[in-house]
Amino acid sequence: EGTKGSIQLRRAMAKVEIDAIHAFPQFEIKSIKLLNIKTDYVFKRVFGHAGNEEITKNLLNSIIKEEITEIELDKNPILEKDLLDDKIGILDIKAKLNNNTNVDIEMQVVDHKNIEKRILFYCAKLFTSSLKSGYDYAALEKSISILITNYELENQKDIEKYITKWNLREETYPTHILTDTMEIYIIELKKFKKFKDNSNYKQLNSWIKFIESSEEEIDMSNKEIVKAKKVLEEISQDEHERYLAELREKYILDQNNIEATGYDKGLKQGIKEGKREIAKEMIKEKMPLEVISKITKIPKEELQEIKKEI
C-alpha cells in the first residue's frame, strides 16, 4: 500500500513539474531526457493509451485523410511480460473509427524481413475478425493497417516518397480498386527528410518531425502534437514508465544482436562453403594441393578430405 502511494506521489509531483515548465518555460526546473517515442512501448503509451483519443485521432486523420468523428482505443493494459515478447500485434495500437472501421498501427524499429507479409496478415486478421458468428459478409467492417518503420523496405527503395497507400487493384487497370474495405499504409521514417517536401501530407509532416526528433521544436499550431509532447514528458519523468521503456529497448537491442549474429554466422558459413567448392574445382583440374591451400587458405589436411569426396 505504501509503495503504491509512493509511486502515485512521484507521478503527481512529475505532473506538477511538467505543468510548471509549460506555464513558465523561461524557468527550466529540470532537464528532461525524453524517452524514445520510436520504441513501440512508448509509442503505444502516447498514442494508444485511453484518454489520449484526440491525439490519436489527429495522427490518424493526417494519414488516412478521412473525417473521424468517433474513436475508441483498445483498453487492454500493457503487461511487463508483453515487453519481452514479439507475439503478433501485442504492442500494436488498435482503434475503432466512426463505429465501422478497425485500425491497427504498428511501430517497427527492427527489420525482421518479410514485413510485407506480416502487415498483410495483420490487415487480413483485422478484417476477418470483424465478422461476428451468424452475420453475412455485408457486415464485414473496413480494416486499415498502418506500419511505421525506422528503416527502408528493400522492395520500396525506388519509391520516392515516405508514405505509401496500398489497395487491392486490377493489374492492367490499376485505377480500378476491387474494394476499399482493406487498406495498408506504410510510413518509412528513413525517407522522411529526403521526400518530405514532395509530400501532400503537411499535417503528417509535423507528426513525423515530432516522432523523429521529439526533443526539438514542434509544430505549436497543432494542439494535439503539443499535448502528445506533454504526455511524453510526463511518462519520461515517471520512474516506472522509464523502467518499462528501458526494459523494452533492451529486448529490442538483444533481438537486433541475435539477428546480426545469425547473419554473420550465415555469411561466414557461406564464404567457407564457397571456398570448398572452388577447391573442388581446382582439385578436379589436378592442381597441386599446396597451391590450392595457398589460394583458398584451406589447410592441406582438409583438402585431402575434400579430395576423397570427389
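In what follows, every heavy atom counts, from backbone to side chain, and hydrogens, waters and symmetry copies are set aside. Quantities reported herein were computed from a predicted structural model and do not represent experimental measurements.
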Could you walk me through whether R118 and Y122 pass the side-chain hydrogen bond (donor to acceptor under 3.5 Å, both in side chains) test, one step at a time?
-> CA-CA 6 Å; R118 178 169 166 153; Y122 283 173; 3.0 Å; yes
Evaluate S145 against D104 for side-chain hydrogen bond (donor to acceptor under 3.5 Å, both in side chains), listing each step before the verdict. CA-CA 5 Å; S145 286; D104 181 280; 5.0 Å; no
Next item on the list: Go through the steps for N99 and E70 under the test side-chain hydrogen bond (donor to acceptor under 3.5 Å, both in side chains), then give the verdict.
Entry: CA-CA 7 Å; N99 207 35; E70 296 178 47; 5.9 Å; no
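Among all heavy-atom pairs drawn from I292 and M287, the shortest one is CD1-O, 3.5 Å. Nearest approach of E216 to K229, heavy atoms of both residues: O-NZ, 3.4 Å. The heavy-atom pair separating V42 from L232 by the smallest distance is CG1-CD1, 3.7 Å. T39 and A245 get closest at one heavy-atom pair: CG2-O, 4.3 Å. Looking at every heavy atom in both residues, S130 comes nearest to L140 through OG-CD2, 3.6 Å. The heavy-atom pair separating A279 from L303 by the smallest distance is CB-CD2, 3.7 Å.
Under a 4.0 Å N-O distance rule, the pair K209/E212 does not qualify as a salt bridge. No salt bridge links R242 with E239; every basic N to acidic carboxylate O contact stays at or beyond 4.0 Å. With respect to the salt-bridge test (charged N to carboxylate O, under 4.0 angstrom), the residues E233 and K230 do not qualify. A salt bridge between R248 and D40 is present, with a side-chain N of the basic residue lying under 4.0 Å from a carboxylate O of the acidic one. Salt-bridge formation is not detected for the pair K57/E224: no Lys NZ or Arg NE/NH1/NH2 atom is positioned less than 4.0 Å from an Asp or Glu carboxylate oxygen.
The ring-ring contact (aromatic ring centres under 6.0 Å, His included) test with W207 is passed by exactly one of F47, F192, Y201: F47. The side-chain contact (heavy atoms from CB on, under 4.5 Å) with L153 is formed by just one residue from the set K190, K191, E116; it is E116.
Counting only heavy atoms from C-beta outward, the side chains of E285 and E281 never approach each other to under 4.5 Å. Using a 4.5 Å cut-off on side-chain heavy atoms (C-beta onward), E183 and K142 make contact. Counting heavy atoms from C-beta on, the side chains of I148 and L189 come closer than 4.5 Å. Using a 4.5 Å heavy-atom threshold, the side chains of H49 and V231 count as separate.
At a threshold of 4.5 Å between side-chain heavy atoms, the hydrophobic network of Ile, Leu, Val, Met, Phe, Trp and Tyr places L168 and I146 in two separate groups.
Taking the centre and axis of the six-membered ring of Y162, the NZ or CZ atom of K193 falls outside the cone set by 45° and 6.0 Å.
Residues E241 and Y41 have side chains that bring a donor and an acceptor to within less than 3.5 angstrom of each other. Residues E170 and T172 bring a donor and an acceptor atom of their side chains to less than 3.5 Å of each other. Defined by atom type and a distance below 3.5 Å, a donor-acceptor pair is present between the side-chain atoms of Q203 and N58.
The number of heavy atoms from other shown groups lying within 6.0 Å of NZ (K202) does not exceed 12. Counting heavy atoms of neighbouring residues, nucleotides and ligands inside a 6.0 Å radius, atom NZ of K307 does not exceed 12 of them.
Within the 3.5 Å criterion, the main-chain N or O of E106 finds no donor-acceptor partner in the side chain of D92.
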